[in-house]
Amino acid sequence: MYNFTYHRPATLADAVSLLGSLEDGKALSGGQTLLPTLKQRLASPADLVDLSGVPDLKGVREEAGGLTIGAFTRHADVAGSDVVARVIPALAHLAGGIGDRQVRHMGTLGGSIANADPAADYPAAVVGLGAWVRTDRREIAGDDFFTGMFETALEPGELVTAVHFPKPDAAGYAKFANPASRYAMVGVFIARFGASVRVAVTGAGPFATRVPAMEAALAASFTADAVAGVTVPPDGLNSDLHASAEYRAHLITVMAKRAMEAMR
Amino acid sequence: MASTVTLTVNGTTVTREVEERTLLVHFLRDILHLTGTHIGCDTSQCGACTVHVDGRSVKSCTMLAVQADGSTVTTIEGLAAPDGTLHPMQAAFREHHGLQCGFCTPGMVMSAVDLVRANPTPSETEIREGLEGNICRCTGYHNIVKAVMAGAEAMNGGTLKAAAE
């Protein structure tokens, strides 16, 4: 790992001001992606700004019937939260399936979505629940947040502070995990809000996106059978040593059925 | 840049000057000479470097020593009683032969203790899921799972179940 200067600001204002003023600074949240990246020398920021000392970024609370989760909240704390289990159980289930136990003890919601790994789990929930990503300067709609592979709508130096998840009437998440990394080869999050349905897929393409054909089919009939006949074309999907684009396209339908069966 | 960190490691407070890029596992092994914590893959997959930071299992190859400043760390060396009596989970790994070459064992034991503290009576499935972050290339996991089940019982105050053979 190349050397860097480490900062641990004690307030959000200090963190934002540091990230705004440092020429080559990078925010460090749980570090479960960033530190492996630094160890492989794939990145070499001059400064790391550790967010663990900022108190305003942690915790889960109910807001407007839904959930607001601080960006620095660890996956294990979302998975183990009684409030999350009661309000959006599918989100607790999703968080409990990220990586492994040790990774969940460190990794954070904000770190995951700001990194925008195409195979990360949380993006499926951000898009699938139509969440709002709050930053130090604005709110970004979940649909507009992910813009490409490892690309988001965040401006340089902009910090995710929390994510607000509206409460669905029902939601389910299913993923086909890579057996080594537990990343989603394909993950599908389905949420119903009254008569409308949102379906979001992670792992298959460069970033989490919705599947309008499945949403229409499920709005007409909210059953696993309704989605079983909807296929997604492989065009533009990821193809790598783990799975071809055609295999991933097939998995989208299979995982959508399983997400319906896991509806809670 | 160098920084001063103060941690409580296995009950002892230590203060050291470290380069900021020093990983917690290197701090433990190279500076404190606690070499029971192993480095297996160095890519956050295998879990051989698992230690407890403020009571939770983490991969010490994926945490900076400066991030652990002010924390309480327990390594495999800190599990046994001062008189050398093994922790019930260590005793269970020995009794049920939950190891072959032993390289993954410190991480397995640390993960198992963390798992049982959070879930005192885990099922076999819960144990296998709970150990997803620990890779063993020898055993096929069968005896590790048996050891964790027996270790859990012993941690809950039961007597350590003898291996069948």
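Quick caveat: nothing in here was measured; it's all calculated off a predicted structure. Worth knowing before you read on, the calculation uses all heavy atoms, side chains too, and leaves out hydrogens, waters and symmetry mates. We name chains A, B, ... by the order of the sequence lines, and we start the count at 1 in each one.
Of the listed residues B:L23, B:V53, B:V66, the one with more heavy-atom pairs under 4.5 angstrom with chain A than any other is B:V66.
In this structure the side chain of A:F146 never reaches within 4.5 angstrom of the side chain of A:T202, judged on heavy atoms. Between B:S57 and A:Q102, the closest side-chain pair of non-hydrogen atoms falls below 4.5 Å. The closest side-chain heavy-atom distance from A:Y122 to A:I69 is not below 4.5 Å.
No salt bridge links A:D121 with A:R182; every basic N to acidic carboxylate O contact stays at or beyond 4.0 Å. Using a 4.0 Å cut-off between a side-chain N of Lys or Arg and a carboxylate O of Asp or Glu, A:R104 and A:D77 do not qualify as a salt bridge. We find that A:R101 and B:E132 are not joined by a salt bridge, their nearest charged nitrogen and carboxylate oxygen being 4.0 Å or further apart. Here B:D114 does not pair with B:R56 in a salt bridge; the nearest charged N to carboxylate O distance is not below 4.0 Å.
Only the side chain of A:L48 comes within contact range of chain B, with at least one heavy atom under 4.5 Å from a heavy atom of that chain. Interface remark: A:L28 contributes side-chain atoms only to the contact with chain B (heavy atom separation under 4.5 Å). Contacts of A:M106 with chain B are made by side-chain atoms alone, with heavy-atom separations under 4.5 Å and no backbone atom involved. In this structure, the portions of A:N3 lying under 4.5 Å from any heavy atom of chain B include both its backbone and its side chain. With a threshold of 4.5 angstrom between heavy atoms, B:L131 does not approach chain A through any atom at all.
Closest heavy-atom contact between A:H75 and A:A95: O-CB, 3.7 Å. The two atoms that bring A:V188 and A:M255 nearest to each other are CG2-CB, 3.6 Å, heavy atoms only. The two residues B:E20 and A:T5 make their nearest non-hydrogen contact at OE1-CA, 3.2 Å.
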Which atom pairs, donor and acceptor, lie under 3.5 Å between side-chain atoms of residues 37-48 of chain B and protein residues at least two apart or in another chain?
from, atom 1, to, atom 2, distance (Å)
B:H38, ND1, B:F103, O, 2.7
B:D42, OD1, A:K39, NZ, 3.2
B:S44, OG, B:T62, OG1, 2.7

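No side-chain N or O of B:Q67 forms a donor-acceptor pair with one of A:D50 less than 3.5 Å apart. Side-chain atoms of B:N143 and B:H96 include no donor-acceptor pair closer than 3.5 Å. Side chain to side chain, B:T139 and B:Q100 fail the donor-acceptor criterion of an N or O pair below 3.5 Å. Counted by atom type alone, B:N10 and B:T75 present one or more donor-acceptor pairs between their side chains at under 3.5 Å.
Of all residues in residues 11-23 of chain A, none places a non-hydrogen atom less than 4.5 angstrom from a non-hydrogen atom of chain B. The stretch residues 79-92 of chain A places none of its residues near chain B, where near means some heavy atom under 4.5 Å from a heavy atom of that chain. The stretch residues 257-264 of chain A places none of its residues near chain B, where near means some heavy atom under 4.5 Å from a heavy atom of that chain.
Between A:Y183 and A:H242, the distance from one ring center to the other does not fall under 6.0 angstrom.
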